[in-house]
Each structure stands twice: as C-alpha cells, then as structure tokens.
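Here the structure comes first, spelled out in structure tokens, and everything after it is commentary.
Values reported hereafter were calculated over all heavy atoms of this structure, with side chains retained and with hydrogens, waters and symmetry mates removed. Quick caveat, the model's predicted, so the values are computed rather than measured. We number each residue from 1, following the sequence as shown.
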Amino acid sequence: KRTGVTRGLLWEEYKKECPNGYSYSQFCDLLAQHRKVQEATMHFEHNPAELMMVDFAGDNLSYVDKASGEVIKCPVFIAVLPYSGYSFAVALSDSRQPNVIKALNSCLDYFGGVPGSVKYDNMKTAVIKSCRYEPVFTDTMVQWSLHNNTGLLAARVRKPKDKASVENEVKLVYQRIYAPLRDTVFFSLSELNSHIVEQLKRHHQKCFQRKDYSRLECFIKGEKDLLQPLPKEKFVIRHVVKAKVQKSYHIMLGEDRHYYSVPFSYIGKTVNVIYDTDTVELYYDHTHIALHVRSYKPNGFTTIKEHMPESDRRYSQQQGWTPEYFLRHALKTGS
C-alpha cells in the first residue's frame with residue numbers, strides 16, 4: 001500500500017533474506033491469496049427508515065445555455081435508503097451549501113418522510129472536521145438536522161465501505177441515468193432534472209437481480225410508513241448580520257445592496273438583520289421591529305409608511321397630489 005512499492009521490489013527483498021525461496025510467480029500467487037483473506041467484506045443488515053446516505057457523483061451532467069451556447073456542467077446529488085435501495089438524484093447549479101440544503105429538502109419530499117439519521121461523505125458543505133468518533137458539522141447542517149429531527153453521521157476519510165450503499169448507487173446512476181441520457185441535449189437545468197426523474201422512476205420499477213421485487217415495492221411495503229413525518233415547513237437557510245440604521249431610517253443589506261426601512265426612532269442604533277431567500281426581518285435588543293419581503297433590486301428602497309416621521313409621511317402624501325389623485329377623489333362624490 002505504500003507509494004512506489006511493487007510486488008517485484010518485495011520479492012527482491014524476500015530473495016535477499018531467503019535465496020532458496022519461492023520464484024517470483026509463486027511469490028505473487030501466494031501474496032494474492034493472502035490479500036484475498038485480508039480483504040474480506042462484512043455483510044451489513046440495514047433497518048428500515050434508520051439511515052439515509054448522501055454523496056455527489058464523480059462525473060457531472062450538463063445542459064446548453066441557449067443565450068450563449070455555453071455548456072453548463074452540473075454536479076449531481078445522490079441519496080439512497082440502504083434498506084430498500086430507494087434513491088434520489090438531482091442535478092444542481094453548483095455544490096455550495098444553499099443548493100445542498102435545497103437538494104436535501106427535495107430528497108425528503110421525494111421520500112415522503114425523514115429517516116433516523118443521515119450519513120455524509122466528508123463534503124466541505126457538511127463536515128468541518130473529520131473524526132472517527134466525533135466529526136464536527138457546519139452550523140447550518142446542524143440546524144437542518146434539528147429542524148428535521150434527524151441525526152448526522154460522517155463516513156471516515158478514505159473509507160468508501162463506510163458508505164457502500166451510496167457508492168453502489170452512484171454506479172447505478174451512471175448505468176440507469178447517465179447512459180440513457182448520454183446523447184440527449186438539454187437547454188435548462190429544469191429540463192435536465194425532469195428527465196432524471198423519469199429515468200429514476202424506471203430504475204425503481206426494475207426488479208433486483210435474482211429477486212422478484214423492485215426497489216419501489218420494497219420501499220412502499222417495508223420502509224415508507226416507518227419514516228418520520230415531514231416538518232410542517234421546509235428548512236430555509238437564514239443569515240444573520242448587523243447593520244446601523246442610517247439618518248434616512250433605512251438599513252442596507254450588503255448582499256443585495258438594497259435598503260429596508262426601520263421605525264425612525266431607531267436611527268443611529270445597530271440592529272440585527274435576519275434574512276432568507278424570501279423575507280428580511282429586523283430585531284433590536286431581541287425585539288422584532290420590522291418585516292419586509294426581500295428584494296434583489298440593487299440600490300433600491302423598500303419603505304413602510306408607518307416607519308416614517310410625521311413630516312416625511314405628509315411630504316410623501318403630497319407627492320401623490322397629482323391631477324389624477326384629485327379626480328379619483330372627486331369621482332367618489334359624483335360626476
């Protein structure tokens with residue numbers, strides 16, 4: 001197993017110690033027999049709904065951007081329930097943490113429940129520090145597991161047998177999804193994923209080798225009802241930053257360079273901004289002071305009138321005193 005060490009080198013060292021020993025061919029034959037004994041593999045019995053294994057396929061799928069003609073490569077996220085072999089696969093725009101969380105949520109929706117624990121490969125988006133006994137996971141992944149009431153496990157470094165089920169599933173995905181789609185050209189990520197779902201259905205409906213039932217039948221009969229129920233709401237990554245309320249009674253969310261209003265009495269205060277893909281919430285000293293729908297418009301302003309001082313509110317109202325404004329109010333009285 002050491003770098004650069006060959007059977008020829010080992011035989012030469014052996015012959016120095018035992019000049020009348022085995023020939024090279026017999027030495028190699030005996031060494032091969034020894035390795036077979038040392039590389040025995042244990043068979044594991046998995047309990048239903050107990051574990052889900054996840055990993056990324058080594059090879060990517062791709063689609064063509066219609067606007068530029070560029071071929072966009074997409075990493076493929078794979079998850080499997082070892083008991084039934086029922087699996088999930090989805091192509092992602094990238095393998096960063098927000099997309100991994102989105103894939104995990106989609107995976108649980110596809111299975112219709114939550115397993116007892118999830119075992120990861122040592123991907124950086126999930127595991128900060130690898131350890132045989134106490135691996136350290138990212139804060140976001142811990143929050144996801146608590147939200148879904150499931151445990152977190154990590155395979156040992158360079159120990160593929162720790163996650164043999166998902167390693168085998170990667171091979172099956174190459175055979176049952178990659179191969180049938182190899183000559184098809186896709187023009188969007190959604191189109192690519194719709195075809196993945198179709199191939200996945202066919203894969204689940206095929207019977208196991210030398211067995212008279214499929215993965216789908218095994219999942220429905222022995223595992224689906226034992227999964228924990230899904231949480232009422234999906235887990236969403238929430239970011240927390242601090243921001244100082246400006247004289248304009250707005251704070252700026254740096255990620256989008258967009259401004260959100262705060263009650264004017266908090267001018268000069270430092271507030272906590274908690275935001276996700278849909279909403280922006282503001283807190284001061286653990287008190288909720290504002291809620292906005294998130295806008296991605298750079299240098300734009302989202303303002304709630306109740307946050308304005310009285311003078312600014314009157315001025316804002318006067319800005320609306322147009323001919324159309326007066327005609328609308330006059331029509332309320334009559335023609």
Side-chain angles (χ1 to χ4, degrees), residues 39-58 76-90 100-101 103-123 125-127 130-135 137 141-142 144-177 196-197 199-231 235:
E39 295 175 357
T41 302
M42 181 179 176
H43 172 71
F44 284 95
E45 291 287 345
H46 294 284
N47 296 323
E50 184 179 70
L51 180 65
M52 177 176 80
M53 295 184 182
V54 302
D55 200 358
F56 276 95
V76 178
F77 174 90
I78 298 171
V80 64
L81 299 170
Y83 172 78
S84 61
Y86 198 67
S87 59
F88 172 79
V90 63
V100 172
I101 293 294
L104 285 166
N105 289 338
S106 300
C107 178
L108 297 184
D109 285 343
Y110 187 80
F111 291 153
V114 183
S117 57
V118 181
K119 178 175 276 191
Y120 297 87
D121 190 8
N122 286 280
M123 54 180 77
T125 52
V127 182
S130 301
C131 176
R132 183 171 184 173
Y133 304 104
E134 293 184 0
F137 295 91
M141 204 57 68
V142 171
W144 179 87
S145 71
L146 292 172
H147 180 85
N148 290 286
N149 192 32
T150 187
L152 296 177
L153 302 171
R156 292 172 294 171
V157 178
R158 289 188 289 275
K159 297 289 183 180
K161 289 183 180 180
D162 281 5
K163 49 184 177 64
S165 296
V166 75
E167 291 286 340
N168 182 61
E169 193 60 34
V170 170
K171 294 178 183 177
L172 289 172
V173 164
Y174 288 154
Q175 295 170 10
R176 305 281 171 86
I177 296 177
I196 289 176
V197 170
Q199 295 299 326
L200 202 58
K201 286 179 181 177
R202 295 177 186 177
H203 166 56
H204 290 150
Q205 290 168 358
K206 285 187 177 181
C207 289
F208 286 101
Q209 288 185 354
R210 294 185 290 276
K211 293 179 182 177
D212 59 354
Y213 58 88
S214 66
R215 290 170 176 80
L216 179 61
E217 291 171 334
C218 185
F219 172 70
I220 292 174
K221 291 179 181 179
E223 191 161 29
K224 186 175 182 180
D225 294 338
L226 297 176
L227 292 169
Q228 301 176 76
L230 292 167
F235 175 80

Tell me whether [X] contacts the main-chain N or O of [Y] through its side chain, where contact means a donor paired with an acceptor under 3.5 Å.
X      : Y      : answer
Asn105 : Phe235 : yes
Thr150 : Gly116 : yes
Asn168 : Ala164 : no

Can you find a heavy atom in the side chain of His204 that is under 4.5 Å from one in the side chain of Lys201?
->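 Result no, sub-4.5 Å side-chain heavy-atom pair not found.
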Would you mind reporting whether Val54 and Val118 have side-chain heavy atoms less than 4.5 Å apart?
->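 The answer is yes, as the side chains (C-beta and beyond) meet within the 4.5 Å cut-off.
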Under the ring pair (Phe, Tyr, Trp, His ring centres under 6.0 Å) test, which residues partner Phe219, sequence neighbours left out?
->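 Ring pair (Phe, Tyr, Trp, His ring centres under 6.0 Å) list for Phe219, sorted by chain: Tyr86.
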Distance (rounded to the nearest 0.5 Å) between [X] [atom1] and [Y] [atom2]:
X      : Y      : atom1 : atom2 : value
Asn149 : Ser117 : CG    : OG    : 11.5 Å
Leu230 : Asp109 : CG    : CG    : 6.0 Å
Phe77  : Cys107 : CZ    : SG    : 5.5 Å
Ser106 : Phe111 : OG    : CZ    : 11.5 Å
Met53  : Glu169 : CE    : CD    : 11.5 Å

According to the salt bridge (charged side-chain N to carboxylate O under 4.0 Å, His left out) rule, which pairs have a member within residues 46-57, sequence neighbours left out?
->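 The answer is Asp55-Lys163.
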Testing the basics here: between [X] and [Y], what is the closest heavy-atom pair and its distance to 0.1 Å?
X      : Y      : result
Leu51  : Leu81  : O-CD2, 3.6 Å
Tyr120 : Leu152 : CE1-CD2, 3.5 Å
Ile78  : Ala57  : CD1-CB, 3.9 Å

Any pair counted as side chain to side chain donor-acceptor pair (under 3.5 Å), so long as it reaches residues 211-227, sequence neighbours left out =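 The answer is Ser84-Glu223.
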